[in-house]
S.K.: 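Below is the structure I would like to discuss, written out as structure tokens.
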Amino acid sequence: MKVSSSAALATLTVPVQGIDTDPLLQLVVKLASPLQLTVNKPKKASLSLELISGAKLSQRNAIIRCLCGMGLHNALDGSPHYLLGGHSASVHSSPAHSMAIASISSWMSVADHAETESSLEPLLQQVNAHLETRAFLTPSANMTAADIDMTVLLLKKSPAEISSYPNIHRWISAVSASLAEHGINIPGDFAASSNALSPPAFFYGTEEIQIPKKQQAPEGKAAEPGEGGAAPSGKQTQKQQQSKKQQPKKKDQQQQQQVATFDVSALDIRVGKILKVWPHPDAEKLFCEEIDVGEDAPRQIASGLRPFYSQEELNERRVIVLCNLKKRNLVGFPSHGMVMCASNADHTQVECMEPPPNAQIGERVEFEGISGDPEPENKVAKKKIFESLSPDLKTNADGVCVWKGAMSKTSDGPIKASKGMPDAHVA
């Protein structure tokens with residue numbers, strides 16, 4: 001089936017079966033003006049987006065962010081929808097807007113990767129804690145693409161557990177009700193009460209933009225007034241209330257101090273060379289690679305680079321690899337590390353970071369004025385070290401990788417984006 005239009009900006013090709021199982025994509029197609037977007041729905045085809053400029057995208061999340069943002073001139077990121085939180089139009093004017101877009105992208109990736117996880121219990125705990133002082137996942141007064149993807153994930157994978165997490169339940173009620181207004185059904189048996197109150201708006205524009213940390217287990221439950229004897233005096237009650245108010249502040253201060261103790265030297269970033277590369281058999285956006293990073297054997301790493309590079313372009317390519325990440329399965333492939341790339345805000349342009357020509361394979365990338373040994377993989381994962389350092393890992397105006405302005409360095413000079421992409425996020 002083909003939906004024809006005189007679209008001026010983009011053409012989306014999406015298989016019928018693909019859109020029927022993707023509520024976020026359904027919403028984007030419904031909201032997009034036919035004067036801006038042509039939608040082709042063949043029975044058999046791969047998801048793709050072609051812009052009027054000739055640029056083509058095939059990675060689902062990149063397509064969504066492009067259509068919600070600059071791809072359709074921000075038509076889906078302004079009143080009344082704000083699918084990118086209202087940040088897309090101002091992404092180049094403020095680091096806060098750039099970080100908000102990066103946060104949306106991160107949550108969408110979390111939803112994507114969690115599809116293959118056997119248990120979502122740790123994620124449910126993190127999301128519930130994250131939503132304790134927020135109406136939505138990212139700084140926005142409305143649901144964003146990230147909220148929709150995460151809602152769909154949790155309803156598909158853990159519908160029975162949602163009622164045990166009050167913040168998640170309130171948030172999913174709001175998201176599912178908004179989708180229902182557009183005639184979009186969500187998976188599972190969850191149904192928000194029609195009499196439920198609107199969710200409280202905790203968006204003040206000053207929230208931290210990051211993947212939430214695990215909530216610490218309470219040391220013990222305080223006794224209720226009247227338990228174990230006479231009711232406490234007014235002074236005792238007042239002191240207890242003041243103590244409860246101060247506890248979250250102390251916890252926040254402790255977490256901030258803990259994060260502040262890490263700098264970019266905690267990351268084991270090395271010069272590598274791709275020895276072998278092949279398409280992932282079950283994931284259209286992933287390449288599987290064997291990469292020499294100076295160890296006894298090559299590392300196997302999966303990278304989402306198929307929308308941006310051909311197999312021939314990556315074979316024998318010198319790259320930069322983040323090595324102290326825990327091994328994890330990406331759609332069944334054991335991936336141990338990350339090929340570092342520069343990308344623009346909506347992730348429609350990606351360039352591999354490259355070492356200078358005479359840098360040695362396995363050589364560690366350092367940063368001027370910063371020294372220290374890398375942290376072990378388990379600590380990097382547990383303390384979310386990369387997530388806390390990543391927002392400051394960027395390219396400067398010359399495409400050189402910097403962290404908080406400190407220049408990257410090897411024995412032969414700094415590392416750079418392959419085509420010199422300036423002012424880009426590096427991850």
Side-chain angles (χ1 to χ4, degrees), residues 102 259-275 277 287 289-305 308-309 313-314 316-327 335-344 350-381 383-427:
V259 171
T261 61
F262 299 113
D263 58 40
V264 73
S265 67
L267 303 180
D268 186 8
I269 303 173
R270 298 188 219 162
V271 176
K273 182 178 180 180
I274 299 177
L275 304 178
V277 58
F287 274 125
E289 303 126 3
E290 289 185 359
I291 304 179
D292 182 1
V293 291
E295 298 173 333
D296 293 339
R299 288 208 183 195
Q300 288 193 329
I301 296 176
S303 304
L305 293 174
F308 309 102
Y309 285 91
E313 288 174 316
L314 291 180
E316 299 293 318
R317 191 183 192 97
R318 287 163 59 85
V319 291
I320 301 298
V321 180
L322 178 58
C323 292
N324 56 341
L325 297 178
K326 289 183 69 175
K327 183 183 290 188
S335 180
H336 192 191
M338 180 175 70
V339 176
M340 303 195 74
C341 298
S343 64
N344 62 351
V350 171
E351 296 178 13
C352 287
M353 298 302 297
E354 291 186 345
N358 295 319
Q360 298 298 307
I361 300 300
E363 179 179 345
R364 190 178 173 207
V365 178
E366 298 180 327
F367 290 78
E368 292 181 352
I370 302 172
S371 61
D373 295 327
E375 298 290 347
E377 295 175 1
N378 288 341
K379 190 172 182 179
V380 170
K383 302 296 183 182
K384 302 291 183 184
I385 294 176
F386 178 67
E387 287 84 353
S388 67
L389 300 176
S390 176
D392 295 306
L393 203 57
K394 304 174 182 178
T395 60
N396 63 14
D398 299 318
V400 173
C401 182
V402 298
W403 185 78
K404 290 188 174 181
M407 190 89 70
S408 59
K409 63 178 184 178
T410 67
S411 60
D412 191 38
I415 61 174
K416 300 181 179 180
S418 60
K419 297 180 182 178
M421 184 187 295
D423 305 317
H425 180 237
V426 177

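Everything quoted here is computed from the prediction, not taken from an experiment. For this chain, numbers begin at 1 and follow the sequence in order.
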S.K.: Once rounded to the nearest 0.5 Å, what's the spacing between atom CD of Glu289 and atom OG of Ser303?
M.R.: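 The CD atom of Glu289 sits 3.5 Å away from the OG atom of Ser303.
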S.K.: For the residue pair Cys341 and Val426, establish whether any side-chain heavy-atom pair is separated by less than 4.5 Å.
M.R.: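 Sidechains of Val426 and Cys341: no contact.
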S.K.: Taking all heavy atoms of Glu377 and all of Cys323, pick out the closest pair and write down the distance.
M.R.: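 Taking Glu377 first and Cys323 second, the nearest heavy atoms are OE2-O, 3.8 Å.
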S.K.: In terms of heavy-atom contacts, does CD of Glu368 have more than 12 from other residues, nucleotides or ligands at under 6.0 Å?
M.R.: yes
S.K.: Distance alone, cut at 3.5 Å: any donor-acceptor contact between the side chains of Asp263 and Ser265?
M.R.: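 Yes - a donor-acceptor pair under 3.5 Å links their side chains.
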S.K.: Is any side-chain N of the basic residue among Arg299 and Glu295 closer than 4.0 Å to the acidic one's carboxylate O?
M.R.: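 Judged by the 4.0 Å cut-off on N to carboxylate O distance, Arg299 and Glu295 do form a salt bridge.
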S.K.: What are the two closest non-hydrogen atoms of Val350 and Met421, and how far apart are they?
M.R.: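 Nearest heavy atoms, Val350 then Met421: N-CE, 4.1 Å.
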S.K.: Measuring from Arg318:CZ to Ile274:CD1, what's the distance to the nearest 0.5 Å?
M.R.: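 Rounded to the nearest 0.5 Å, the CZ-CD1 separation comes out at 12.0 Å.
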S.K.: State, yes or no, whether a side-chain contact exists between Met353 and Cys401 at a heavy-atom distance under 4.5 Å.
M.R.: yes
S.K.: Can you sort out the partners of Lys379 under salt bridge (charged side-chain N to carboxylate O under 4.0 Å, His left out), two or more places apart, ordered by chain and number?
M.R.: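 Only Glu375 meet the salt bridge (charged side-chain N to carboxylate O under 4.0 Å, His left out) criterion with Lys379.
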S.K.: Any non-hydrogen side-chain atom of Ile291 less than 4.5 Å from a side-chain atom of Leu275?
M.R.: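 No, too far: nothing below the 4.5 Å cut-off.
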S.K.: Checking the side chain of Asp398 only, and the main-chain atoms of Val400 only, is there a donor and an acceptor separated by less than 3.5 Å?
M.R.: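 Such a contact is absent between Asp398 side chain and Val400 backbone.
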S.K.: Of all the heavy-atom pairs spanning Cys352 and Arg317, show the shortest one and how long it is.
M.R.: CB-NE, 3.9 Å
S.K.: Who are the side chain to side chain donor-acceptor pair (under 3.5 Å) partners of Ser390, not counting sequence neighbours?
M.R.: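 His425.
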S.K.: State, with a plain yes or no, whether a side-chain heavy atom of Val293 is found less than 4.5 Å away from one of Ile361.
M.R.: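 Sidechains of Ile361 and Val293: no contact.
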S.K.: Is it true that a side-chain atom of Glu363 and a backbone atom of Ser411 form a donor plus acceptor pair closer than 3.5 Å?
M.R.: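 Answer holds: yes.
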S.K.: Measure the CG-NZ distance between Asn396 and Lys416 for me, rounded to the nearest 0.5 Å.
M.R.: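 One finds 9.0 Å between CG of Asn396 and NZ of Lys416.
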S.K.: Does Gly413 offer a backbone N or O that forms a donor-acceptor pair with the side chain of Asn358 under 3.5 Å?
M.R.: no
S.K.: Have Gln300 and Ser335 got a donor and an acceptor in their side chains that come within less than 3.5 Å?
M.R.: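 Not at all, the side chains of Gln300 and Ser335 share no donor-acceptor pair under 3.5 Å.
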S.K.: Has Thr395 got a side-chain atom pairing as donor or acceptor with Asp423's backbone, closer than 3.5 angstrom?
M.R.: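 Checking the backbone N and O of Asp423 against the side chain of Thr395, a donor-acceptor pair under 3.5 Å is found.
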S.K.: Does any part of the side chain of Ile269, heavy atoms only, come nearer than 4.5 Å to the side chain of Arg364, both counted from C-beta?
M.R.: no
S.K.: Can you name the closest pair of heavy atoms from Ala417 and Glu351 and give their distance?
M.R.: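 Of all heavy-atom pairs spanning Ala417 and Glu351, the closest is CB-OE1, 3.4 Å.
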S.K.: Could you tell me whether Glu316 and Lys273 make a salt bridge, using a distance below 4.0 angstrom between a side-chain N and a carboxylate O?
M.R.: yes
S.K.: Any side-chain heavy atom of Ile320 sitting closer than 4.5 Å to one from Val339?
M.R.: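 No. Closest side-chain heavy atoms not under 4.5 Å.
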S.K.: Taking ring-ring contact (aromatic ring centres under 6.0 Å, His included) as the definition, give me every residue that meets it alongside Phe367, ordered by chain and number, with sequence neighbours left out.
M.R.: none
S.K.: Under a 4.0 Å threshold between the charged nitrogen and the carboxylate oxygen, would Asp268 count as salt-bridged to Arg270?
M.R.: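 Result for this pair is yes, salt bridge flagged.
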S.K.: Can you check whether Lys409 reaches Pro414 side chain to side chain, under 4.5 Å on heavy atoms?
M.R.: no
S.K.: Show your working on side chain to side chain contact (heavy atoms under 4.5 Å, CB included) between Lys326 and His336 and close with a plain yes or no.
M.R.: CA-CA 6 Å; Lys326 289 183 69 175; His336 192 191; over 6 Å; no
S.K.: Would you name the heavy atoms of Gly337 and Ile301 that are closest together and state the gap between them?
M.R.: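 Reported closest heavy-atom pair: O-CG2, 3.5 Å.
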S.K.: Can you tell me how far apart CD1 (Ile385) and CG (Leu389) are? Round to the nearest 0.5 Å.
M.R.: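 Going from CD1 on Ile385 over to CG on Leu389, the span is 7.0 Å.
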S.K.: Supply the atom-to-atom distance Ser408 OG to Trp403 CH2, rounded to the nearest 0.5 angstrom.
M.R.: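 Nearest 0.5 Å value for the OG-CH2 distance: 13.5 Å.
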S.K.: Could you tell me the separation between the CD atom of Glu366 and the CG atom of Leu267, rounded to the nearest 0.5 Å?
M.R.: 12.5 Å
